[in-house]
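Following: one structure in structure tokens, then a few remarks.
Because only heavy atoms are used, hydrogens play no part in the values below, and waters and symmetry mates are left out as well, while side chains stay in. Chain letters run A, B, ... following the sequence lines, proteins first, then strands; residues in each count from 1. Note that the structure is a prediction, hence the values are computed from the model and not measured.
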Amino acid sequence: MAVAGEIDLYTAPRLQAEFTRLLEDGPSRVVIDMSGVDFCDSTGMNVLLSALKRLKERGGALEVAAPRPAVRKILQVTGLDSVFVVHDAVPEEMLIAESQG
Amino acid sequence: MTTLRVPATVASLATVAEFVGRAVAAAGLTEKDAYRLRLATDELVTNVIMHGYPVGGAEEIELHATVGHGRVLLLMEDSAAEFDPTRQQHRVPSVDPDDMRVGGFGLVLARMSADRLSYERIGDRNRTIIIVRRSDRALIDHEDR
């Protein structure tokens with residue numbers, strides 16, 4: 001799943017809705033490509049946490065990939081980088097999976 | 001000094017971001033400093049929208065930007081219930097992986113992003129001042145205050 005643009009109180013509900021739709025398909029592992037996110041506030045972090053919580057309840061995992069430096073810094077100072085698995089880049093196996101549809 | 005007056009609604013956040021962006025450009029702040037000011041302002045405005053006013057009210061938030069060389073002073077005024085963001089929780093909330101409590105990061109991020117954050121209550125108005133100086137430091141690289 002790729003997210004782009006700005007995540008704040010105004011846009012967060014759209015992200016929340018996308019997660020809800022995605023999780024209906026029952027994936028056990030979700031990797032979010034955040035390379036296109038140029039602004040994210042605490043509302044965005046809360047959406048990610050909420051999605052992680054729902055995934056963990058079913059034994060799944062939510063991982064964050066390729067956050068820009070400012071977003072990565074927020075993950076660090078909030079301690080969320082120890083809650084999410086954070087990848088420097090989108091894992092190769094996910095790119096293959098995505099290209100295969 | 002430039003002023004922006006917007007309804008205290010989520011739809012105003014984009015307008016606030018544009019207003020902050022103009023002040024940042026006028027002050028010649030770096031990209032990192034600009035992000036800090038944007039984040040601090042966004043979190044404080046969001047807090048007023050979410051918790052300051054009764055739902056459905058026709059309330060407003062005012063922002064006044066004063067630009068100096070390499071510095072932006074942003075004064076946020078609102079008529080919500082008295083609320084001092086500098087006196088709230090100072091520590092980053094811990095997230096228990098087994099029982100993830102969602103929320104509690106906003107004011108901490110605002111405080112950590114601003115070079116200075118101060119508050120006063122004048123009459124029925126909250127007045128919160130955010131100062132960000134050009135430093136090109138990483139987004140937040142100092143201890144929680």
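- The shortest non-hydrogen separation linking B:Tyr35 to A:Phe39 is OH-CA, 3.5 Å.
- Residues B:Leu75 and B:Leu4 do not share a hydrophobic cluster, defined by chaining ILVMFWY side chains whose heavy atoms lie under 4.5 Å apart.
- Note: the hydrophobic cluster containing B:Leu29 does not contain B:Ile129 (ILVMFWY, side chain heavy atoms under 4.5 Å, direct or indirect links).
- Put simply, CG on B:Leu13 and CG on A:Asp41 are 8.0 Å apart, with the number rounded to the nearest 0.5 Å.
- Around the CZ atom of B:Arg121, the shell of radius 6.0 Å holds more than 12 heavy atoms that belong to other residues, nucleotides or ligands.
- A:Glu6 CD to B:Arg38 CZ: the interatomic distance, rounded to the nearest 0.5 Å, is 4.0 Å.
- B:Leu107 and B:Ile131 are not part of a single hydrophobic cluster, where members link through side-chain heavy atoms under 4.5 Å apart.
- Taken to the nearest 0.5 Å, the CG atom of B:Leu39 stands 7.5 Å off from the OG atom of A:Ser42.
- How far CZ of B:Arg36 is from NZ of A:Lys73: 11.5 Å, rounded to the nearest 0.5 Å.
- Residue A:Val83 is grouped with residue A:Leu23 when hydrophobic side chains (ILVMFWY) are merged at heavy-atom distances under 4.5 angstrom, including chains of intermediate members.
- Here the side chains of A:Ile74 and B:Leu109 are in contact, with some heavy-atom distance below 4.5 Å.
- Each of A:Leu80, A:Thr43, A:Val77 was scored for a side chain to side chain contact (heavy atoms under 4.5 Å, CB included) with B:Phe105, with one residue passing: A:Leu80.
- Placement of B:Leu73 and B:Val16 in two distinct hydrophobic clusters is found when ILVMFWY residues are connected by side-chain heavy-atom separations under 4.5 Å, directly or transitively.
- A 6.0 Å sphere centred on CZ of A:Arg14 holds no more than 12 heavy atoms belonging to other residues, nucleotides or ligands.
- In this structure, B:Ser12 OG and A:Leu9 CG are separated by 11.0 Å, a value rounded to the nearest 0.5 Å.
- Here OH of A:Tyr10 is found 9.5 Å from OG1 of B:Thr15. Values are rounded to the nearest 0.5 Å.
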